[in-house]
There are 4 protein chains.
Amino acid sequence: MVRPRDMAVDGKVLAAAGEELRHRGYDGLSIDRVAERAGVAKTTIYRRWPSKAELVVALIAHLREDVPFAPTDDPRGDLTNLVATIAAGLAATPPALVADLAAAAAREPRVGDRVRALWAERHAAVTAVVANAQQQGLVLDHVAPETLVDQLVGPLYYRLLVTGEPLSADYARTLVDSVLGKEPR
Amino acid sequence: MVRPRDMAVDGKVLAAAGEELRHRGYDGLSIDRVAERAGVAKTTIYRRWPSKAELVVALIAHLREDVPFAPTDDPRGDLTNLVATIAAGLAATPPALVADLAAAAAREPRVGDRVRALWAERHAAVTAVVANAQQQGLVLDHVAPETLVDQLVGPLYYRLLVTGEPLSADYARTLVDSVLGKEPR
Amino acid sequence: MVRPRDMAVDGKVLAAAGEELRHRGYDGLSIDRVAERAGVAKTTIYRRWPSKAELVVALIAHLREDVPFAPTDDPRGDLTNLVATIAAGLAATPPALVADLAAAAAREPRVGDRVRALWAERHAAVTAVVANAQQQGLVLDHVAPETLVDQLVGPLYYRLLVTGEPLSADYARTLVDSVLGKEPR
Amino acid sequence: MVRPRDMAVDGKVLAAAGEELRHRGYDGLSIDRVAERAGVAKTTIYRRWPSKAELVVALIAHLREDVPFAPTDDPRGDLTNLVATIAAGLAATPPALVADLAAAAAREPRVGDRVRALWAERHAAVTAVVANAQQQGLVLDHVAPETLVDQLVGPLYYRLLVTGEPLSADYARTLVDSVLGKEPR
DNA sequence: AGATAATCGAGACGGTACGTCCCGTCTTGCT
DNA sequence: AGCAAGACGGGACGTACCGTCTCGATTATCT
């Protein structure tokens with residue numbers, strides 16, 4: 001009954017915002033400039049995203065790549081793959097962006113919900129594999145799977161945000177080895 | 001021959017900036033407001049710190065607290081204490097502040113150096129204890145101590161910044177148990 | 001073959017617009033708000049009145065009140081009554097509204113026509129009485145009746161719009177006395 | 001003790017605003033454009049005048065020409081000159097501008113004060129001459145001088161704002177004649 | 001005791017971006 | 001067609017900070 005939102009707008013705006021974010025960073029991302037670059041009125045942007053933070057959240061969600069995850073009967077391999085994939089994804093994202101999201105999440109509840117939902121997907125995938133591995137007796141079963149997940153994924157964020165050390169596929173393997181024990185054979 | 005700088009100014013400004021940083025975050029930290037709150041002219045602030053980032057750098061150095069740590073001959077106890085202390089310290093800090101610092105660190109190299117130096121202290125303390133425990137055969141020695149440290153401390157930041165789950169002393173114990181194996185007897 | 005226009009719409013819109021005009025003035029009159037207040041779509045308003053100015057034109061025609069005026073054989077009394085009635089009418093209207101109408105009239109020719117027609121009625125009534133009085137020798141006949149009317153009615157607007165002084169019935173009497181000379185007996 | 005305001009700014013801004021006002025009218029006067037035209041930051045304008053209305057008030061006050069008034073021993077001549085001068089001044093001002101000022105005055109008390117002060121000067125000059133004439137027996141003394149002033153000046157505004165009739169020097173003379181009586185000789 | 005020179009407060013200034021409010025036009029589907 | 005609902009491009013608003021700049025007024029220290 002009403003004029004529907006122009007679907008193309010979302011794409012144009014997010015594309016423009018992405019460019020800006022990449023080239024100028026979060027602070028330098030100006031709605032005015034995004035609007036101009038997208039060939040769209042500023043009001044149109046604010047009609048869809050109430051603030052810069054929300055726009056960036058949507059942007060991230062848009063950029064999100066599925067963590068393609070096909071479980072095999074080799075939990076160790078699955079886990080290594082998964083952690084390495086997550087590490088690679090994080091390594092490809094500007095650290096400042098991740099930190100900005102964390103900060104926005106901590107300050108604005110609505111943003112927090114969305115950001116947490118974003119990470120939760122990956123978290124859940126890892127949890128599933130870990131639980132699976134545990135059932136097959138590959139992991140010390142005195143530890144809750146959630147804790148193990150924290151110890152597999154947490155270090156990635158720790159390095160990215162805190163120590164600034166690089167995230168390599170090797171590091172992912174090291175983490176899995178530490179949790180599952182050295183390769184049996 | 002010249003009028004010396006008023007020593008009290010540094011303190012007043014840093015105190016005011018700290019308040020602002022805590023309550024409004026890095027982005028919301030406004031030099032105008034800091035100047036007003038500190039009862040100091042904006043010029044005076046810019047005379048000492050050439051930018052907001054540098055001011056925050058100085059501020060961070062001020063915020064540092066010692067992690068008091070006295071090693072005993074009980075590495076497991078030492079480790080649990082240390083991790084619990086760090087967890088408590090983090091839990092007492094507004095998550096947004098930690099995230100803001102991470103973001104500022106990622107954006108401004110000089111801020112990054114200082115922030116990393118800030119966390120490095122704690123990191124080093126944990127590393128020492130872990131290495132010590134490893135020498136006493138308490139930990140699987142196929143894993144480098146740095147990795148274990150990441151798996152002890154990383155999850156704390158992960159919870160604080162990413163999942164938003166609480167940081168309890170219990171959680172600290174769980175982490176240590178996971179790394180050292182369940183209490184032998 | 002076509003759906004007829006909903007007659008009720010005109011009334012609802014003009015009523016809403018009148019409210020807005022009274023409370024917020026011409027500039028503050030927003031079509032968006034009028035539409036909402038009238039429970040009508042903006043499109044519907046624009047279908048009938050092509051612009052804000054035209055809407056106000058229509059509105060003004062609606063606001064017109066008759067100045068009930070029954071001439072007797074006492075011109076002085078008639079004049080005093082008439083001027084007092086006009087003064088009371090003006091005093092009861094928010095000064096800002098009168099000023100806004102004047103401004104709109106000066107800016108938009110079509111509004112000007114309507115507004116002038118609105119006041120002209122009153123003007124004409126006074127002119128008639130003045131001419132009548134003059135014929136009866138009550139007024140110095142070296143002055144054109146139009147001038148006298150200006151001097152009777154003009155001061156009312158002058159006070160309302162310029163000096164801000166109150167418009168009382170007494171003041172109306174004073175004006176008439178000044179023009180006709182003090183009550184003979 | 002502080003950096004003084006740049007005196008040149010007032011002039012540049014008011015000049016630019018005057019241009020805009022003349023060419024685009026009150027509504028079309030945009031602070032952004034004024035700032036650009038004056039080569040001044042928008043903030044600088046807002047620092048001095050809190051709103052568009054106040055800026056225009058200042059502008060008018062700036063444009064204000066003294067009503068040069070040298071009393072002679074010929075009150076009738078003085079009065080005619082004075083009223084004619086005021087009429088000429090009003091005739092030279094866009095009616096919409098006068099109406100806008102009246103509207104702004106009616107809505108914003110602060111603006112009202114200023115605008116009234118602006119007109120009050122002229123009002124006072126006329127009052128003085130009228131009182132003078134009355135003392136010399138030129139006017140019927142049963143009428144308060146304030147009333148006569150209203151009847152001399154009010155019609156000018158009435159014509160300008162309400163009836164839209166022209167303001168000529170002749171009309172000024174007619175008004176004076178009506179109040180003082182036809183030229184004795 | 002002055003001269004000299006940097007410090008400090010106060011706040012003006014040119015800028016950039018923000019998020020809001022309207023305007024008048026448009027698109028869509030229900031009546 | 002008329003109408004409700006609301007998206008859209010566009011323009012202006014007034015606010016908040018930024019970092020730079022001018023001013024005195026205020027301390028020292030050096031002559």
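Remember, predicted model here, so these are calculated numbers, not experimental data. Below, read A as the first sequence line, B as the second, and so on, with proteins coming before strands; counting in each chain starts at 1.
The ring-ring contact (aromatic ring centres under 6.0 Å, His included) pairs that include a residue from residues 98-120 of chain A are W119(A)-Y157(A), where partners are two or more places apart or lie in different chains. The salt bridge (charged side-chain N to carboxylate O under 4.0 Å, His left out) contacts involving residues 52-62 of chain A comprise E54(A)-R110(A), E54(A)-R114(A), where partners must be two or more places apart or lie in separate chains.
Taking only side-chain nitrogens and oxygens, T44(A) never comes nearer than 4.0 Å to OP1 or OP2 of dA7(F). In this model, the phosphate group of dC8(E) is approached by a side-chain N or O of R48(B) to a distance below 4.0 Å at OP1 or OP2.
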Filtered N/O pairs between nucleotides 20-22 of chain E and protein, under 3.5 Å:
{"residue": "dC22(E)", "atom": "OP1", "partner": "R33(C)", "partner atom": "NH1", "Å": "2.6"}

Each nucleotide N or O in nucleotides 29-31 of chain E that has a protein N or O under 3.5 Å away: list the pair and distance.
{"residue": "dT31(E)", "atom": "O2", "partner": "R3(C)", "partner atom": "NH1", "Å": "3.0"}

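Taken to the nearest 0.5 Å, the CG atom of L97(A) stands 7.5 Å off from the CG atom of L59(A).
A straight line from CD1 of I45(A) to P of dA17(E) spans 13 Å, rounded to a whole angstrom. Distance E36(D) CD to dG15(E) P: 11 Å, rounded to the nearest Å. Between W49(D) atom CH2 and dG14(F) atom C1' there is a gap of 16 Å when expressed in whole angstrom units. What separates CD of E54(D) from P of dC13(F) is a distance of 15 Å, to the nearest Å.
Considering only heavy atoms from C-beta on, L160(C) comes within 4.5 Å of V98(C) through its side chain.
Near-neighbour residues of DNA chain E inside residues 4-20 of chain D, defined by a heavy atom below 4.0 Å, number-ordered: R5(D), D6(D), V9(D).
Residues passing the salt bridge (Lys or Arg N to Asp or Glu O under 4.0 Å) test with D27(B): none are found, sequence neighbours excluded. With sequence neighbours left out, R22(B) forms a salt bridge (Lys or Arg N to Asp or Glu O under 4.0 Å) with no residue at all. Taking E19(D) as the reference, R37(D) meet the salt bridge (Lys or Arg N to Asp or Glu O under 4.0 Å) condition, with sequence neighbours excluded. Listed by chain and number, the residues in a side chain to side chain contact (heavy atoms under 4.5 Å, CB included) with A104(C) are Y26(C), V111(C) (sequence neighbours excluded). Every residue meeting the side chain to side chain contact (heavy atoms under 4.5 Å, CB included) condition with A96(B), not counting sequence neighbours, appears here in chain and number order: A106(A), R107(A). With sequence neighbours excluded, the residues forming a salt bridge (Lys or Arg N to Asp or Glu O under 4.0 Å) with R33(C) are E20(C), listed by chain and number.
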Enumerate, atom names and distances included, each donor-acceptor pair closer than 3.5 Å involving a side-chain atom of residues 40-49 of chain A, sequence neighbours excluded.
{"residue": "R48(A)", "atom": "NH1", "partner": "D10(A)", "partner atom": "OD1", "Å": "2.2"}
{"residue": "R48(A)", "atom": "NH2", "partner": "D6(A)", "partner atom": "O", "Å": "3.3"}

